[in-house]
Each structure stands twice: as C-alpha cells, then as structure tokens.
Amino acid sequence: MTIVLGALCVVLLGVVAGLAVVVRRQQAELATAEQHVAELEADLATALRPPPAQKPAERAISRVIRTASRVREQGITGLIQSTLEDLSAWANEEQAEIVHMAAPDGTVTLFFSDIENSTHLNARMGDRNWVRVLEAHDQVLRNRVTQYRGQVVKTAGDGFMVAFRDAEAACRAAVAIQSDLRRPTEQLRRHGKIRVRIGIHTGQVVAKDGDYFGENVAMAARVTDLASGGEVLCSDAVRAALEDDAQVRLVDPTDPIELKGLPGTHVVWRVVPPV
C-alpha cells in the first residue's frame, strides 16, 4: 500500500510540475500578447490623433479603441462608471472640434452661405415646401463640408457658418456646392431651384463657447453680402493663403472697395473651378 501511495504521490507531483510549466508558459504568452496589444493601441491612438478635423467614422473608431482599453483595464463595472462621466463630454465634442479648427495663432478660414431671396421663396412655396427645400439644401452643404473636412459652426435659417483649417479646402467645398446645386436633387427640382451665395475669408478669430468672434468674422460675412446667387467670392487674404497649385482659380478681382463697418479698402475675388 505504501508503495502504491508513493507512486501516486510521484505521479501527482509530476502532474503538478507539468501544470506549473504550462501555467508559466501561458503567463509568458499572455504578457507578450498584452504588450503587443498595448503597442497596437499606441500606434492606433497616434494614427487617430486629430491633427485635421476627424470624420465621424474616425471618431467612432477612436471611441471603440478607448472602450476596449477600458474593458481590459477596468472591467465592465468600471467601464459603465467611467462612461457615465464621459457622456457629457462626448455630447460637447462637436463644439470642441470647432475650436480646434483654428491654427495655434487663431487663424481659420470661414465660409458663410445663404440662399438668395429666401424670404420671397418661402412666401411663394409655403412653409411646408420651404422646409423640405431647406432640408435638401442643408444635405448638399453638409455633404461637401464633411468631404473637405470642415466644421459647421452654426446655422440660422438658410444660412451656414463653417470653419475650415485651410483656405483651399473651403474654396473647393464652395465650388463643389455650387456645382451640386446646378444639378439639383429631386426635392429641389420639384419645388424650384435655389441659388446660394457664398463668401470666404481667412484670418485670426477669437474662439468662445464653440463659436468664433472678431473682425475677421464680420469680414467673411461682408464678402458673402457682395456675392450673387450661384457665386463664390473670397477676400484677398484667401488668395494669399492659397498655394500656387491650388485646385481652384481666383478671377475678376474688384478694385479696392470699402466694406460696411470695416476699416480700409479690400479686394474681393471670384472663386471658380480649375480649367
């Protein structure tokens, strides 16, 4: 009996030793895998860090990565607690991005637009049809603003204020919008074509509560006031900010003109597609 028990003990010790080896190997593999995951997350975080304004899909990917990290680090309970704290921050994300559109010195390219004769069109179409036209108009503008990585700062009725990181993106978005509106959607064809005026200016602004303020905001609005329906105008500051190989053309500069409420005189250009 003693011999049998001794043999069993030896076998049991062998099994325990074997299990210990397996556990140590698995622990080492797990540590290596965790290190690899951490490196991948660091690389992804770097890749998704938002130098240009992130698209919605990119923000979603970034959130997935953050969520996965929290599950691994905090477990589901910790994730729920931290997510509750993050909800208000996520709700304000769009406003934060507006501020980040400006360069460190506060320079940003602003784009204003509105529908020519909108009050008359509203009266002619009636409120119900006018709302449908506005929805179709808004979709055209937002699609192009997203494509060229702009950020809508605010809207008022048929008017848009949009921020871009660079002048060429703003000009290309504006030209594309006018092209889209010349080939209207079914909704716009049904209720009548609309003509949009767009003005663009580049300059330093003051950011506050998700909005922009200052003389250069007024300048962008004044340039828009000069535009006719279907036209894109820009300031001389935009011309100076464009590279030589920009994919737009500036034509028909005005003589130096005064703009209401702004000091000095200013040259305004018409923005058209490249040849």
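All figures in this text were calculated on a predicted structure; none of them were measured in a lab. One is the number of the first residue; the rest follow in order along the sequence.
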For the pair Leu259 and Met219, evaluate side chain to side chain contact (heavy atoms under 4.5 Å, CB included) and give the outcome as yes or no after the intermediate values.
CA-CA 8 Å; Leu259 297 176; Met219 176 71 177; 3.5 Å; yes
Report the C-alpha distance between Cys234 and Leu250 in whole Å, list the side-chain angles of each, state the deciding distance to 0.1 Å, and finish with yes or no for side chain to side chain contact (heavy atoms under 4.5 Å, CB included).
CA-CA 8 Å; Cys234 75; Leu250 303 188; 3.8 Å; yes
Begin from the C-alpha positions of Leu233 and Thr224 and carry the test side chain to side chain contact (heavy atoms under 4.5 Å, CB included) through to its verdict.
CA-CA 7 Å; Leu233 297 182; Thr224 309; over 6 Å; no
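For Ser235, the side-chain hydrogen bond (donor to acceptor under 3.5 Å, both in side chains) partners two or more places apart in sequence, or in a different chain, are His201. In terms of the salt bridge (charged side-chain N to carboxylate O under 4.0 Å, His left out) criterion, Glu231 has no residue partners (sequence neighbours excluded). Taking Glu186 as the reference, Arg189, Arg190 meet the side chain to side chain contact (heavy atoms under 4.5 Å, CB included) condition, with sequence neighbours excluded. For Arg132, the side chain to side chain contact (heavy atoms under 4.5 Å, CB included) partners two or more places apart in sequence, or in a different chain, are Arg128, Asn129, Gln187, His191. Residues passing the side chain to side chain contact (heavy atoms under 4.5 Å, CB included) test with Pro253 are Val267, Trp269, sequence neighbours excluded. Residues that satisfy the salt bridge (charged side-chain N to carboxylate O under 4.0 Å, His left out) test with Asp236, not counting sequence neighbours, are Arg239. Ala167 is linked by a side chain to side chain contact (heavy atoms under 4.5 Å, CB included) to Thr109, Thr202, Val238, Ala241, Leu242, counting only residues two or more places apart in sequence or in another chain.
Within the structure, ring pair (Phe, Tyr, Trp, His ring centres under 6.0 Å) contacts touching residues 120-150 (residues at least two apart or in different chains) are His137-Phe160. The stretch residues 250-267 participates, sequence neighbours left out, in these side-chain hydrogen bond (donor to acceptor under 3.5 Å, both in side chains) pairs: Asp252-Arg270.
Residue Ala221 comes nearest to Phe112 through the heavy atom pair N-CD1, 3.9 Å, listed as atom of the first residue, atom of the second, then distance. Here the closest non-hydrogen pair linking Ser113 and Leu141 is OG-CD2, 3.3 Å. Nearest heavy-atom pair across Val153 and Gly210 is CG1-O, 3.8 Å. When all heavy atoms are compared, the tightest approach of Tyr212 to Met161 is CB-CE, 3.8 Å. Minimum heavy-atom separation, Ser118 to Asp158: OG-OD1, 3.4 Å. Closest approach of Val152 to Arg142, counting heavy atoms only: CG2-NH1, 3.7 Å.
Side-chain atoms of Gln147 and Asn143 form no donor-acceptor pair, as typed in the model, at a separation below 3.5 Å.
With respect to the salt-bridge test (charged N to carboxylate O, under 4.0 angstrom), the residues Asp180 and Arg183 qualify.
Val206 shares a hydrophobic cluster with no other residue; no ILVMFWY side chain has heavy atoms under 4.5 Å from its own. When hydrophobic side chains of Ile, Leu, Val, Met, Phe, Trp and Tyr are connected at separations under 4.5 Å, Val251 ends up clustered with Val272.
Put simply, Met125 and Leu181 are part of the same group of oily side chains (I, L, V, M, F, W, Y) that touch within less than 4.5 Å, one to the next. One hydrophobic cluster, built from ILVMFWY side chains closer than 4.5 Å, cannot hold both Val175 and Val268; they sit in different ones.
The shortest distance between side-chain heavy atoms of Phe164 and Arg149 does not fall below 4.5 Å. Contact of the Val133 side chain with the Asn122 side chain is not registered, since no non-hydrogen atoms from C-beta on lie closer than 4.5 Å. Between Gln151 and Val162, the closest side-chain pair of non-hydrogen atoms is not below 4.5 Å.
From Leu134, atom CG reaches atom CG of Leu188 across 10.0 Å, with rounding to the nearest 0.5 Å. Taking CZ of Arg172 as the reference point, atom OG of Ser179 lies at 13.0 Å (rounded to 0.5 Å).
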Pairs of donor and acceptor atoms involving the side chains of residues 192-200, under 3.5 Å and at least two apart or interchain, shall be tabulated with distances.
unit_1 : atom_1 : unit_2 : atom_2 : d
Arg195 : NE     : Glu116 : OE1    : 3.1
Arg195 : NH2    : Gly229 : O      : 2.5
Arg197 : NE     : Asp114 : OD1    : 2.8
Arg197 : NH1    : Asp225 : O      : 3.4
Arg197 : NH2    : Asp114 : OD1    : 3.3
Arg197 : NH2    : Asp114 : OD2    : 2.8

